[in-house]
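In what follows, a structure is listed as structure tokens, so that the remarks can point back to it.
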Amino acid sequence: MRWDDFRRSENVEDDREGGGGFGIPVGRGGLGIGTVIVLGLLGWAFGIDPSVLIGGAEIISNSGSSYQQPSTPPARRTGTPSDRTGDFVAAVLGNTEDVWGAIFRANGRSYRAAPVRLYRGGEEGGCGFAQAAMGPSYCPRDQRIYLDTSFFREMQDRFRGCSGKACEFAEAYVIAHEVGHHVQDLLGTLPKAQSAQRAASSRAAANRIQVRVELQADCLAGVWAHHSNQHWNSLEPGDVEAALQTAAAIGDDWLQKQSRGYVVPDAFTHGTSAQRQRWFTVGLKAGTVTACDTFAAAAL
């Protein structure tokens, strides 16, 4: 991925020196620790903040109160980090801001960027505690993306053949997916989906809504890649394949087979490997938000 010419975003909050390393939160409101751990692992698969999923599960199961009220995040250093990892995050974030700013302006709207909070181990934010084991996450309550940069090392360990330059576009796809959730938030799609989940008749029905949310974010990541390549010639040979490989490795069916040996479709929250690959490709080829209407699609 060619990212050296990208504008560096000033919306990076670097708290890696102040990471607290908080412990795994125990179940609350009736949810067992096993459920919390499963939801946390699903959060690893490039979704919105796991506390939102946990809160939704509590609401659906009528097991008690929703997730905790957000605390006010303390002030953090902002700007462009000086290390290579921080510079990469700032470059990709800046490019997503330029792409989505142009798309919003073309549709008569104003794009408000989402800050990225870099941390190590654990971090208190608008949706409670973000943890490294949960992977990157978007918190709709404070409209921030939380990212423990050790996740990139985990990617290199998890995905064979992914190292150095070969991993860069896959890593950028991860960031773009979380920015996709922010775009959904700004467009009103995410609040409507969360409202529909709360009104759902069952957990399986709520999960089906969540799948459409996640697949749309994959598609929006593809829209970003389309415009980034069109204006900055940012894609290199093998980049798209790396992103598709990443999407395949985080499909619900693949993750469930790895963890339990069989697949439970009603428990899907992010979509199958094939679905995630398909919707990223839809966005990449079409380059339009309208092409990403997973809620209107009869077949995912």
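We're numbering straight along the sequence, starting at 1. We use all heavy atoms of the structure for the numbers below, so side chains are in, but hydrogens, waters and symmetry mates are not. What you see is a predicted model, and the numbers here were worked out from it, not measured in a lab.
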**Item:** Ion pair check, E178 and R117, cut-off under 4.0 Å
**Value:** no
**Asked** So, D14 and Y119: side-chain donor and acceptor under 3.5 Å apart, yes or no?
**Response** no
**Message:** With a 3.5 Å distance limit and no angle check, can you tell me whether Q275 reaches the backbone of T272 through a side-chain donor-acceptor pair?
**Reply:** yes
**Request:** Kindly indicate whether the side chain of P81, heavy atoms from C-beta on, has any atom under 4.5 Å from the side chain of D87.
**Result:** no
**Message:** Please determine whether side-chain contact (heavy atoms from CB on, under 4.5 Å) holds for the pair T294 and W279, giving the CA-CA distance in whole Å, both sets of side-chain angles, and the decisive distance to 0.1 Å.
**Reply:** CA-CA 8 Å; T294 56; W279 281 102; 3.7 Å; yes
**Message:** Rounded at 0.5 Å granularity, tell me how far CD in E13 sits from CD in E10.
**Reply:** 12.0 Å
**Message:** The test is side chain to side chain donor-acceptor pair (under 3.5 Å); show your working for D185 and Y138 and say whether it passes.
**Reply:** CA-CA 10 Å; D185 204 3; Y138 173 70; 2.7 Å; yes
**Item:** Shortest non-hydrogen contact between H227 and G287, atoms and distance
**Value:** NE2-O, 2.7 Å
**Complete:** On a heavy-atom basis, the closest approach of A225 and F169 is CB-CZ, 3.8 Å
**Euclidean distance, R2 CZ relative to S234 OG, rounded to 0.5 Å** = 8.5 Å
**Request:** Taking the side chain as every heavy atom from C-beta outward, state whether Q143 and L186 have any atom pair closer than 4.5 Å.
**Result:** yes
**Message:** Could you tell me if the side chain of V223 sits less than 4.5 Å from the side chain of C292, heavy atoms only?
**Reply:** yes
**Item:** Lys/Arg N to Asp/Glu carboxylate O, D83 vs R16, below 4.0 Å
**Value:** yes
**Derivation of the side-chain contact (heavy atoms from CB on, under 4.5 Å) call for W224 and I103** = CA-CA 10 Å; W224 160 75; I103 292 174; over 6 Å; no
**Prompt:** Does the side chain of C127 reach to within under 4.5 Å of the side chain of Y146, using non-hydrogen atoms?
**Reply:** no
**Request:** Output the distance between atom NZ (K285) and atom CZ (F280), rounded to the nearest 0.5 Å.
**Result:** 11.5 Å
**Asked** When rounded to the nearest 0.5 angstrom, what distance separates CG in L220 from NE2 in H226?
**Response** 13.5 Å
**Asked** Is there a donor-acceptor pair closer than 3.5 Å between any side-chain N or O of Q197 and the backbone N or O of A206?
**Response** yes
**Message:** Let me confirm one number: the OG1-CZ distance from T149 to R120, rounded to the nearest 0.5 Å.
**Reply:** 5.5 Å
**Item:** Expected output: side-chain Q184 to main-chain V213 donor-acceptor under 3.5 Å
**Value:** yes
**Prompt:** Has the side chain of R8 got a donor or acceptor atom that lies under 3.5 Å from a matching backbone atom of F6?
**Reply:** yes
**Item:** Aromatic plane relationship, H177 with H181 - under 30° parallel, 30 to 60° tilted, over 60° perpendicular
**Value:** perpendicular
**Side chain to side chain, W100 and V289, heavy atoms closer than 4.5 Å** = yes
**Asked** Is there a donor-acceptor contact under 3.5 Å from the side chain of D142 to the main chain of R144?
**Response** yes
**Request:** Assign the ring pair Y111 / H182 to parallel, tilted or perpendicular, where the plane angle (0 to 90°) is split at 30° and 60°.
**Result:** perpendicular
**Request:** Take Y173 and D239, measure what side-chain contact (heavy atoms from CB on, under 4.5 Å) needs, and give me the verdict at the end.
**Result:** CA-CA 10 Å; Y173 156 67; D239 282 349; over 6 Å; no
**Any donor-acceptor N/O pair, T281 side chain to Q277 backbone, under 3.5 Å** = yes
**Item:** Spacing of CG belonging to N95 relative to CE belonging to M1, to within rounding of 0.5 Å
**Value:** 6.0 Å
**Item:** CG (N233) with more than 12 external heavy atoms under 6.0 Å
**Value:** yes
**Request:** Establish, from distance only, whether the side-chain atoms of D98 and W232 form a donor-acceptor pair under 3.5 Å.
**Result:** no
**Message:** For S110 versus F104, what's the shortest heavy-atom pair and its separation?
**Reply:** O-CD2, 3.6 Å
**Request:** Determine, stepwise, if the pair E214 / Q210 fulfils side-chain contact (heavy atoms from CB on, under 4.5 Å).
**Result:** CA-CA 6 Å; E214 297 300 331; Q210 188 65 35; 2.9 Å; yes
**Message:** So L93 and N11, do their side chains get closer than 4.5 Å, heavy atoms only?
**Reply:** yes
**Message:** Measuring only between side-chain heavy atoms, which start at C-beta, is I145 closer than 4.5 Å to S137?
**Reply:** no
**Prompt:** Can you find a pair of side-chain heavy atoms, one from I175 and one from E171, that are under 4.5 Å apart?
**Reply:** no
